[in-house]
Amino acid sequence: MNRALRSPRLLGVLLFLMMGIVKLPLENHLSHSLRDQKLIPNPPALSLRDSLGQMGFAATLGGLRSLVASITYLQAYVAFERVEWGKVDSLMTLTTLLQPLEPSYWDEASWHMAYNAASNYLNDEKIRAALRQKLFRDHVQRGINILNEGLKFLPNHPRLLIKLGDIYNTESPARRSPDGRKAAEYYLAAHANGAQGFYERIAAYELAKFEDRPSQQQAYDILKRYYDQDTFNPTMRRLLPELEEKLQIPAIQRIDPQRPFSQPGRRTLRR
Amino acid sequence: MSTATSASAPHRNFSPARIWALATSTVTQLLRMKILVFLAVFSLIVVATGFAFPTMSPEQQLKLLKDVSLGALQLFSIVIAIAATALLLPRDLEDRTLYTILSKPVPRYEYLIGKLLGVILLLAGGLLVMDIIFSGVVWLKQNLIISSQIAALRAEQNDTPENIAAITAITSQYGLSWSLHAGVFSIFLKSAVIAALSLLISCFASSTLFTIVVSLGFTIAGHGQQLMRDWFLSSLSGFWEKSISLVLTLICPDLGLFDLVEAAIRGDIIPLNVLANVTGIALLYIIGYTAVAHLFFVDKEL
């Protein structure tokens with residue numbers, strides 16, 4: 001008995017189990033810390049197993065979740081080329097489920113629905129006109145919902161806020177779902193969370209269209225700040241005097257109408 | 001003179017020089033087994049992915065390149081870690097090299113440490129070369145994309161400094177960054193842990209195939225360890241779920257801790273203290289598994 005207890009193999013088994021007991025709280029603490037810092041993902045939901053199949057699910061478990069997401073993304077791209085919108089939606093949903101912390105997937109999923117699918121349905125003459133309008137609105141709303149879902153995982157992410165602003169932007173060439181106030185709200189939120197200055201200026205252009213004084217004052221304050229910082233462009237040259245007039249700014253505080261432009265660009269950066 | 005000096009030198013129970021000699025000979029042994037053919041395959045995959053899918057958005061092209069390359073790198077490093085380690089002891093037994101080494105005053109733990117260090121050196125060297133190739137292709141692709149985007153802005157007369165800065169920032173975030181090297185380092189740590197585990201299994205295994213299959217099983221279970229730990233710690237799970245997940249949680253390493261690759265691909269910053277913590281837990285596994293391996297190996301009849 002004593003000899004058996006002194007066996008190195010038995011000691012090995014005991015050390016192995018002891019190691020398991022010691023490492024358990026360490027692993028648990030470290031994995032929660034890494035998850036909180038969004039450096040490692042949460043374990044995949046079991047519901048994904050049916051959608052991905054056994055191999056795909058095993059691969060996501062095996063640290064290849066990013067690669068599996070790329071594969072489902074490519075499948076969605078093929079479905080997009082084949083104009084299969086239902087398939088695009090389900091595959092992009094799968095992709096975002098696999099990598100909810102990747103903003104480009106939320107962006108692209110909403111873009112497919114709110115722009116590509118919506119416009120495609122709107123221009124599809126095989127569908128009755130009333131239904132086309134409904135499908136258009138439904139898909140624009142689906143795009144908005146996707147971005148709002150993404151914001152739950154990436155709160156205040158500027159990219160997702162910009163895309164929401166774009167969908168609501170009345171200046172959008174495809175005229176999504178015009179709501180300038182909401183567009184301005186999202187662009188301002190995006191700028192407050194790190195987006196480039198031109199999104200704040202687009203928000204001001206939207207606010208300048210409203211007739212109420214607070215909106216005009218907010219638009220004026222933003223544009224005047226850029227003017228004072230020597231970031232001056234043709235749109236501001238047109239809007240600032242209009243706002244000065246509406247807000248009855250004293251003549252001495254008004255801008256110089258002859259001031260040369262400092263920025264050659266006229267349009268804002270898109271996708 | 002030197003012979004006389006070395007003859008008079010007392011024998012040490014632990015000699016880093018002996019371990020280093022064993023490690024370097026293991027690297028040579030593995031290189032002769034043409035294990036680095038993987039490198040050529042990896043390079044082909046990276047270069048092919050780097051210039052595929054030109055119709056996708058620039059950031060998705062870069063993301064796909066990184067996903068595929070780091071996925072291939074991870075697979076290769078795991079396969080090398082398991083296969084190379086599983087082959088070591090049987091090959092030494094077959095060649096009778098093991099008897100030659102152990103007939104000298106070389107303790108068995110030095111032999112094990114030397115062999116493991118050899119595999120780890122091979123993994124580190126291979127991953128370093130693959131990282132250099134991969135970084136070069138990402139850098140090239142990133143610059144090509146930025147140049148083409150600036151050219152497109154210029155054609156539209158939209159090449160304002162603000163727009164150029166925005167496009168460069170977006171593309172660079174998905175391009176080459178220090179985080180990518182941190183991601184490769186986390187892959188190295190994971191494969192080193194798997195190598196130590198395979199060495200432990202090979203110390204009591206009856207065949208190479210057994211070592212490979214069991215190591216692979218532990219690797220897969222280790223990746224699902226967080227899921228099992230959640231079941232074990234969840235009050236909702238039943239007796240059998242709790243028992244099975246407890247056993248697997250105790251015996252498997254949590255390999256999901258080394259999955260920093262996703263954050264690296266997103267371009268997120270991986271803090272140094274995180275890398276230090278992950279390195280610490282990898283060392284705990286490697287030292288623990290090597291100690292257990294020694295306890296099995298010291299009693300093994302050769």
Side-chain angles (χ1 to χ4, degrees), chain A residues 7-13 15-24 26-28 30-31 33-35 37-44 46 58-71 73-74 77 99 101-104 108 159 196-198 231 263-269 271, chain B residues 53 56-57 59-60 63-64 66-68 70-71 74-75 156-160 162-163 165-167 174 190 204 219-220 223-227 229-230 233 249-251 253-263 265-266 268 270-271 274 277-278 281 284-285 288 291-293 295-296 298-299:
Chain A
S7 155
R9 285 180 183 229
L10 187 65
L11 278 175
V13 173
L15 181 63
F16 190 62
L17 290 175
M18 280 279 290
M19 200 181 134
I21 294 164
V22 170
K23 77 184 177 64
L24 181 63
L26 285 174
E27 284 171 340
N28 200 34
L30 185 57
S31 72
S33 157
L34 294 176
R35 278 190 223 171
Q37 293 178 67
K38 295 186 174 172
L39 289 171
I40 61 167
N42 283 316
L46 287 177
T60 60
L61 277 179
L64 299 174
R65 205 191 300 197
S66 191
L67 184 61
V68 177
S70 269
I71 293 167
Y73 169 79
L74 283 176
Y77 197 84
Q99 291 219 280
L101 299 178
E102 173 54 59
S104 68
E108 199 141 337
R159 182 167 178 168
Q196 277 82 11
F198 48 69
T231 310
Q263 292 280 329
R266 285 165 183 263
R267 283 154 52 188
T268 55
L269 182 73
R271 295 178 61 84
Chain B
F53 314 109
M56 288 164 62
S57 68
E59 65 197 26
Q60 291 301 347
K63 188 176 180 306
L64 196 74
K66 291 195 280 187
D67 279 343
V68 174
L70 287 172
Q74 190 163 198
L75 275 179
E156 293 171 1
Q157 293 186 322
N158 263 332
D159 54 335
T160 62
E162 200 175 24
N163 284 353
I167 218 121
Y174 281 87
K190 185 195 278 188
F204 63 82
T219 304
I220 293 167
H223 280 103
Q225 226 250 38
Q226 292 184 16
L227 207 60
R229 201 169 53 233
D230 286 352
L233 297 172
T249 304
L250 287 180
I251 65 172
D254 184 355
L255 297 175
L257 292 175
F258 306 104
D259 283 340
L260 296 172
V261 168
E262 282 188 33
I265 290 172
R266 280 198 304 273
D268 290 353
I270 300 173
V274 166
N277 286 338
V278 176
I281 201 121
L284 176 80
Y285 288 131
V292 177
L295 289 170
F296 279 101
V298 79
D299 211 22

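Numbered from 1 within each chain, the chains take letters A, B, ... in sequence-line order. Only this structure's heavy atoms are used, side chains among them; waters, hydrogens and symmetry mates stay out.
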*Asks:* Chain A heavy atoms under 4.5 Å from K66(B): which part of the residue, side chain, backbone, both or neither?
*Replies:*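 Neither; nothing under 4.5 Å.
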*Asks:* Does any heavy atom of chain B fall under 4.5 Å from the side chain of R65(A), the backbone, both, or neither of them?
*Replies:*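 Answer is both: backbone and side chain atoms of R65(A) are under 4.5 Å from chain B.
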*Asks:* When you measure from the side chain of K23(A) to the backbone of T249(B), do you find a donor-acceptor pair of N or O atoms at a distance under 3.5 Å?
*Replies:*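 Pair found, side chain donor or acceptor close to backbone of T249(B).
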*Asks:* Who wins among V298(B), I265(B), D268(B), I281(B) for the most heavy-atom pairs under 4.5 Å with chain A?
*Replies:*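 Of the options given, most contacts go to I281(B).
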*Asks:* For residues S31(A) and D254(B), determine if any side-chain heavy atom of one lies less than 4.5 Å from a side-chain heavy atom of the other.
*Replies:*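 SC-SC contact between S31(A) and D254(B) confirmed.
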*Asks:* Which atom pair, heavy atoms only, marks the closest approach of L11(A) to L295(B)?
*Replies:*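 Heavy atoms of L11(A) and L295(B) come nearest at C-CD1, 3.9 Å.
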*Asks:* Taking every heavy-atom pair that is under 4.5 Å apart, which of N28(A), L64(A), L34(A) has the most such pairs with chain B?
*Replies:*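 Heavy-atom pairs under 4.5 Å are most numerous for N28(A).
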*Asks:* Under a 4.5 Å cutoff for heavy-atom pairs, which residue among G20(A), S70(A), A69(A), S33(A) has the most contacts with chain B?
*Replies:*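 Ranked by heavy-atom pairs under 4.5 Å with chain B, first place is S70(A).
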*Asks:* Quick check on L101(A) against chain B: is it the side chain, the backbone, both or neither that has a heavy atom closer than 4.5 Å?
*Replies:*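 For L101(A), the contact with chain B is made by backbone and side chain together.
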*Asks:* Taking every heavy-atom pair that is under 4.5 Å apart, which of L70(B), L255(B), D259(B) has the most such pairs with chain A?
*Replies:*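 Highest number of pairs under 4.5 Å: D259(B).
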*Asks:* Give, for atom CG of L67(A) and atom CG of D67(B), the distance between the pair rounded to the nearest 0.5 Å.
*Replies:*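 With rounding to 0.5 Å, CG (L67(A)) is 6.5 Å from CG (D67(B)).
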*Asks:* Looking only at heavy atoms, what is the nearest atom pair of G256(B) and I40(A), with distance?
*Replies:*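 Looking at all heavy atoms of both residues, the closest pair is O-CG2, 3.9 Å.
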*Asks:* What is the minimum heavy-atom distance between V292(B) and F16(A), and which atoms define it?
*Replies:*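 That closest heavy-atom pairing would be CG2-N, 3.9 Å.
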*Asks:* Determine whether V274(B) and Q37(A) satisfy the following criterion, side chain to side chain contact (heavy atoms under 4.5 Å, CB included), listing intermediate values before the conclusion.
*Replies:* CA-CA 10 Å; V274(B) 166; Q37(A) 293 178 67; 3.6 Å; yes
*Asks:* Contact part of Y285(B) toward chain A, heavy-atom cut-off under 4.5 Å: side chain, backbone, both or neither?
*Replies:*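 Both the backbone and the side chain of Y285(B) come within 4.5 Å of chain A.
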*Asks:* Quick check: closest heavy atoms across Q226(B) and P41(A), and the distance to 0.1 Å?
*Replies:*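 Taking every non-hydrogen atom into account, OE1-O, 4.3 Å.
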*Asks:* How close do Q60(B) and S104(A) get, heavy atom to heavy atom, and via which atoms?
*Replies:*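 Of all heavy-atom pairs spanning Q60(B) and S104(A), the closest is NE2-OG, 3.0 Å.
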*Asks:* Identify, with sequence neighbours excluded, every residue that meets side-chain contact (heavy atoms from CB on, under 4.5 Å) alongside Q196(A).
*Replies:*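 In terms of side-chain contact (heavy atoms from CB on, under 4.5 Å), with neighbours along the sequence ignored, Q196(A) is linked to F198(A), Y199(A), A166(B).
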*Asks:* Side chain, backbone, both or neither: which part of A293(B) has a heavy atom under 4.5 Å from chain A?
*Replies:*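 The answer is neither part of A293(B).
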*Asks:* Between L250(B) and I21(A), what is the shortest heavy-atom contact and its length?
*Replies:*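 Of all heavy-atom pairs spanning L250(B) and I21(A), the closest is CD2-N, 3.8 Å.
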*Asks:* For Q99(A) and R266(B): C-alpha separation, side-chain torsions, deciding distance, then whether side chain to side chain donor-acceptor pair (under 3.5 Å) applies.
*Replies:* CA-CA 10 Å; Q99(A) 291 219 280; R266(B) 280 198 304 273; over 6 Å; no
